[in-house]
2 protein chains.
Amino acid sequence: MRSPCPICAALDLVGDKWSLLIVRDMIWLGKTRYNQFTDSPEHIPTNILADRLKRMERFGLIQSKPYQDNPPRHEYHLTDKGLELRPVLIEMIHWANKHIPGTITPPVPID
Amino acid sequence: MRSPCPICAALDLVGDKWSLLIVRDMIWLGKTRYNQFTDSPEHIPTNILADRLKRMERFGLIQSKPYQDNPPRHEYHLTDKGLELRPVLIEMIHWANKHIPGTITPPVPID
DNA sequence: GTTTTCTACTTGCATTTTACAAGTTACGTG
DNA sequence: CACGTAACTTGTAAAATGCAAGTAGAAAAC
């Protein structure tokens with residue numbers, strides 16, 4: 001930890017360009033599998049996705065459950081800790097819709 | 001822009017480990033000068049600080065005002081666009097205080 | 001029943017970003 | 001006039017990111 005500041009601590013976990021987009025896909029689009037995340041319009045690189053899924057599981061934001069044995073495959077689901085990032089994302093949506101032209105209010109209800 | 005998604009657009013501006021810490025210092029600690037930011041407990045590297053101040057000004061999150069001519073020095077102040085990141089930060093504080101042990105509720109009132 | 005496609009990754013490598021240390025420039029103090 | 005301070009800049013090593021290609025097994029297509 002860089003400091004005991006809660007904002008700093010949060011940024012240590014999700015302060016990058018990709019983690020919160022994965023959370024977004026899980027919360028509002030119900031995505032759970034590898035391919036579904038790579039299909040998103042931002043086109044996350046596959047090595048970054050693999051890394052973030054591992055990282056987020058290590059941090060307790062998501063949990064992976066195997067859904068077949070051979071070859072081993074898993075689905076990724078948000079834990080409570082991950083799910084509760086939702087208010088943060090909602091405020092980011094409000095802010096961006098107000099201040100960044102060209103952003104589109106999501107077609108799904110956000111709250 | 002990677003996509004018109006508001007969350008993605010917000011992350012393109014502040015999706016890194018340092019920008020929001022500078023905003024935090026401005027909102028709750030009233031910091032405006034270079035040295036004040038380097039004094040924070042996270043110890044931002046000076047080149048990163050210089051880069052972020054320029055970047056955030058380019059994005060319209062802050063505005064720099066000269067307060068002396070020779071040598072040229074400026075103070076940095078949040079614009080409305082920057083100030084309104086406050087609800088995002090507040091949700092991050094709530095989240096971290098609940099889910100990351102060792103974080104300390106800030107000594108200043110957050111809302 | 002073999003070739004092709006699909007899923008879920010991993011690997012290699014070039015580019016970019018970050019981190020740390022040291023240097024610079026002009027002013028302010030004793 | 002030596003010394004400290006504010007606000008940077010520069011150099012360089014380390015880490016993160018991005019892109020393309022490769023892989024292994026299963027399922028689908030022909």
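What you are looking at is a predicted structure, and each value in this text was computed from that prediction instead of being measured. Note: hydrogens, waters and symmetry copies are ignored here, and every other heavy atom, side chains too, is used. Letters A, B, ... mirror the listed sequences (proteins, then strands); counts begin at 1.
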For residues 41-50 of chain B, pull every pair meeting side chain to side chain donor-acceptor pair (under 3.5 Å), keeping only residues two or more places apart or in separate chains. A/Ser3-B/Glu42, B/Arg24-B/Glu42
Quick one: list whatever passes salt bridge (charged side-chain N to carboxylate O under 4.0 Å, His left out) with B/Lys17, sequence neighbours left out. none
So, using salt bridge (charged side-chain N to carboxylate O under 4.0 Å, His left out) as the criterion, who are the partners of B/Lys54 when residues are at least two apart? none
Who pairs with A/Glu57 by salt bridge (charged side-chain N to carboxylate O under 4.0 Å, His left out), at least two apart in sequence or on another chain? none
Check side chain to side chain donor-acceptor pair (under 3.5 Å) between A/Lys81 and all other residues, then give those that pass, not counting sequence neighbours. none
Separation of C/dA19 atom C1' from B/Trp18 atom CH2, nearest Å, is 9 Å
Name all residues meeting the salt bridge (charged side-chain N to carboxylate O under 4.0 Å, His left out) criterion together with B/Arg73; count only those two or more places apart in sequence or in a different chain, and write none if there are none. none
Going by the side chain to side chain donor-acceptor pair (under 3.5 Å) test, which pairs reach into residues 5-14 of chain B, not counting sequence neighbours? B/Arg2-B/Asp12
For salt bridge (Lys or Arg N to Asp or Glu O under 4.0 Å), just list the numbers for B/Asp39 and B/Lys31, CA-CA rounded to whole Å, side-chain angles, deciding distance to a tenth of an Å, and then say yes or no. CA-CA 10 Å; B/Asp39 288 347; B/Lys31 296 186 179 185; over 6 Å; no
Within the pair A/Tyr76 and C/dA8, is there a side-chain N or O less than 4.0 Å away from OP1 or OP2? no
Pairwise N/O distances under 3.5 Å, protein to nucleotides 10-16 of chain C:
residue: C/dT10; atom: O4; partner: A/Thr46; partner atom: OG1; Å: 2.7

Separation of C/dT17 atom C1' from B/Arg55 atom CZ, nearest Å, is 11 Å
Measure CZ/A/Arg2 against C1'/C/dA19 and give the value in whole Å, please. 12 Å
What is the distance, rounded to the nearest whole Å, between atom CD1 of B/Ile48 and atom P of C/dC20? 10 Å
I need the CG-C1' distance between A/Asp39 and C/dC6, as an integer number of Å. 12 Å
Looking at every strand, decide which applies to B/Arg52 at a 4.0 Å heavy-atom threshold: base, sugar-phosphate, or nothing. sugar-phosphate
Please enumerate all protein N or O atoms sitting under 3.5 Å from an N or O of nucleotides 26-28 of chain C, with distances to 0.1 Å.
residue: C/dC27; atom: OP1; partner: B/Asn70; partner atom: O; Å: 3.4

Partners meeting side chain to side chain donor-acceptor pair (under 3.5 Å) with B/Glu75 (sequence neighbours left out): B/Arg33, B/His77
Under the side chain to side chain donor-acceptor pair (under 3.5 Å) test, residues paired with B/His74 that sit two or more places apart: none
First and last nucleotide of DNA chain D, 5' to 3', lying under 4.0 Å from heavy atoms of chain A: D/dT17 to D/dA26
Does atom CD (A/Gln36) have a neighbourhood of more than 12 heavy atoms from anything else shown, all under 6.0 Å? yes
